[in-house]
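Working notes, beginning with the structure itself.
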Amino acid sequence: MTEAEPLTLPAPSPTHTVHPVYVIGGGPGGLAVAAALRGRGVRAVVLEKADAIGAAWRGHYERLRLTTTRRHSALPGVPMPRSFGRWTTRADLVRYLDKYAEFHELEIVTGVEVARISPAEGDLWRLEASGGRVLTGSAVVVATGWNHTPYLPEWPGRETWTGTFLHASRYRNASPYEGQDVLVVGAGATGCDLAADLAEGGAARVRLAVRTPPHLLRRSTLGWPAQRSARLARGMPARLADALLRLHRIGVPDLSAHGLPRPSDGPYSSRARAGRPPVHTTELAALVAAGSVEPVAAVESFDGADVVLADGSRITPDTVIAATGYRRGLEELLDGLDLLAPDGTPAPHTSAPGLYFTGFTDPADGTLHHLSRAATRTAKAIPRDRARRLRARPKD
């Protein structure tokens, strides 16, 4: 790892020593907040339900690479080493998270799942956790992540379908599917990556079920990262932002003749209006053009051994892999607090003093970059917020 100067740690506040700040989730967002709090002399305890930090990243498919540059994907205080290359792999990111926690000497408890958060007396927070634990925190940071609970549409007939069915969260590599006919459902970043991995990894036939064609863009064009363009696009009118991002389509062929037409709207508008981010890949485009990945219509239902598609056609794959996304899974954790928007994310205009959230947006210019910035803001807000409320208490 590239060396970085250690943080100077002032003496912890007595208030936060008695009741620490609990950070729920040991992914990048939770670790970054804990490190920022520790840097301000506030005791933070990370609670991770898995047996290791970075569990979501450990479980992702092996092919995964970040689409954001190494420099703008590092967490506060520890740069990513040059040996990772420009586009960090999943395995390297996992190693980085382990080193990050070690470098900052973070207090982490694994194997503890928090089931519910509720206010407690004295401006504190009560956490009900696995094993019958009841914890009390001066503040709570929820960092359970954007990709928390696998989502599956309610397709008729799926439960009795005779083939092999799995969500993309269970996919690791192409080895188990060698020689098989595989249908990948969903043309987002994960679905496109899995289809490419299967086609290159020995599957006999790979089809990609597409409801809405994605914008296929390059990670960088002439050395200019798409991440940097996305950052610039945020301050532009939609028409100019679309034009800027379309530059990263240079070299990506028009695949309309192969069943994957280009969307009618622009990459920026598509994301802003419909929540459909572009897919940064050149591998999939080449494989579709070569006929190694076949785009087909969206899945409508399952019937016996068949999968029924939206255009009325039927196919009989050996395996279906649903790359249909995730939900935040906050409903039970925050039951009774009325803090969630209809889409299950924390509502932007509601608040509960002492309760904070990080990692519940999907920014165009990189999640890790935003988690780093959010960690600093959250760490600054927590001690200030606690001090203000403690001073407001009436004296005995």
With a 4.5 Å limit on heavy-atom distance, are the side chains of [X] and [Y] in contact?
X      : Y      : value
Pro263 : Ser270 : no
Val114 : Leu47  : yes
Leu166 : Thr319 : yes
Trp125 : Leu135 : no
Phe302 : Thr162 : no
Arg231 : His72  : yes
Arg207 : Ile315 : yes
Ile382 : Val141 : yes

If you apply the rule side chain to side chain contact (heavy atoms under 4.5 Å, CB included), what do you find for Val307 with Trp161, and how did you get there?
CA-CA 8 Å; Val307 178; Trp161 185 62; 4.0 Å; yes

Working to the nearest 0.5 Å, report the span between [atom1] of [X] and [atom2] of [Y].
X      : Y      : atom1 : atom2 : result
Thr68  : His369 : OG1   : NE2   : 9.5 Å
Glu102 : Asp98  : CD    : CG    : 8.5 Å
Ser220 : Arg218 : OG    : CZ    : 6.5 Å
Glu294 : Leu287 : CD    : CG    : 12.0 Å
Thr136 : Leu127 : OG1   : CG    : 8.0 Å
Glu154 : Glu159 : CD    : CD    : 10.0 Å

Would Arg158 pass as a cation-pi partner of Phe165, given that its NZ or CZ must be under 6.0 Å from the six-membered ring centre and within 45 degrees of the axis?
yes

Between Arg70 and Trp87, is NZ or CZ placed under 6.0 angstrom from the six-membered ring centre and within 45° of the ring axis?
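No cation-pi geometry.
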
Looking at every non-hydrogen atom in both residues, tell me the closest pair between [X] and [Y] and how far apart they are.
X      : Y      : result
His60  : Arg90  : O-CD, 3.2 Å
Pro295 : Leu260 : CG-CB, 3.9 Å
His215 : Asp265 : CE1-O, 2.8 Å
Arg38  : His104 : NE-O, 2.9 Å
Asp335 : Arg116 : O-NH2, 3.4 Å
Leu75  : Ser372 : CA-OG, 3.5 Å

Stepwise side chain to side chain contact (heavy atoms under 4.5 Å, CB included) test for Leu334 and Leu355:
CA-CA 11 Å; Leu334 303 175; Leu355 180 61; 4.3 Å; yes

Quick check on [X]: does its [atom1] atom have over 12 non-hydrogen neighbours (other residues, nucleotides or ligands) under 6.0 Å away?
X      : atom1 : value
Asp311 : CG    : yes
Arg239 : CZ    : no
Glu178 : CD    : no
Asp338 : CG    : no

Using only atom types and a distance under 3.5 Å, with no angle test, would you say the side chain of [X] pairs donor to acceptor with the backbone of [Y]?
X      : Y      : value
Ser138 : His19  : yes
Asp51  : Gly111 : no
Tyr268 : Ala243 : no
Ser73  : Leu368 : no
Arg172 : Gly59  : yes
Asp306 : Val308 : no
Arg58  : Ile53  : yes
Glu107 : Arg43  : no
Thr378 : Ala374 : yes
Asp242 : Ser269 : yes

Would a single hydrophobic cluster contain both [Y] and [X], if residues Ile, Leu, Val, Met, Phe, Trp and Tyr are joined by side-chain heavy-atom contacts under 4.5 Å?
X      : Y      : result
Trp146 : Leu97  : no
Val185 : Val182 : no
Leu371 : Leu106 : yes
Phe103 : Trp57  : yes
Val299 : Tyr177 : no

How about His248 and Ser229: does a side-chain donor come under 3.5 Å of a side-chain acceptor?
yes

Carefully, step by step, assess Arg262 and Asp254 under the rule side chain to side chain contact (heavy atoms under 4.5 Å, CB included).
CA-CA 7 Å; Arg262 284 177 170 168; Asp254 184 349; 4.1 Å; yes

For Glu300 and Arg211, run salt bridge (charged side-chain N to carboxylate O under 4.0 Å, His left out): C-alpha distance rounded to whole Å, both residues' side-chain angles, the deciding distance at 0.1 Å, then the answer.
CA-CA 10 Å; Glu300 286 294 303; Arg211 185 172 299 278; 3.7 Å; yes

Applying ring pair (Phe, Tyr, Trp, His ring centres under 6.0 Å), name anything that partners Tyr326, two or more places apart in sequence or on another chain.
His167

Give me the one residue out of Leu339, Thr358, Ile117 that meets side-chain contact (heavy atoms from CB on, under 4.5 Å) with Val142.
Ile117

Dump the intermediate steps for salt bridge (charged side-chain N to carboxylate O under 4.0 Å, His left out) on Asp92 and Arg95, then the final yes or no.
CA-CA 5 Å; Asp92 280 340; Arg95 285 192 283 270; 2.3 Å; yes

How far apart are the C-alpha atoms of Thr88 and Tyr96, what are their side-chain angles, what is the distance that settles it, and do they pass the side chain to side chain contact (heavy atoms under 4.5 Å, CB included) test?
CA-CA 10 Å; Thr88 303; Tyr96 171 76; over 6 Å; no

Return a table of donor-acceptor pairs under 3.5 angstrom between the side chains of residues 192-204 and protein atoms on other chains or two or more places apart.
{"from": "Asp193", "atom 1": "OD2", "to": "Tyr61", "atom 2": "OH", "distance (Å)": "2.8"}
{"from": "Asp197", "atom 1": "OD2", "to": "Tyr171", "atom 2": "OH", "distance (Å)": "2.7"}
{"from": "Glu200", "atom 1": "OE1", "to": "Arg63", "atom 2": "NH1", "distance (Å)": "3.0"}
{"from": "Glu200", "atom 1": "OE1", "to": "Arg63", "atom 2": "NH2", "distance (Å)": "3.4"}

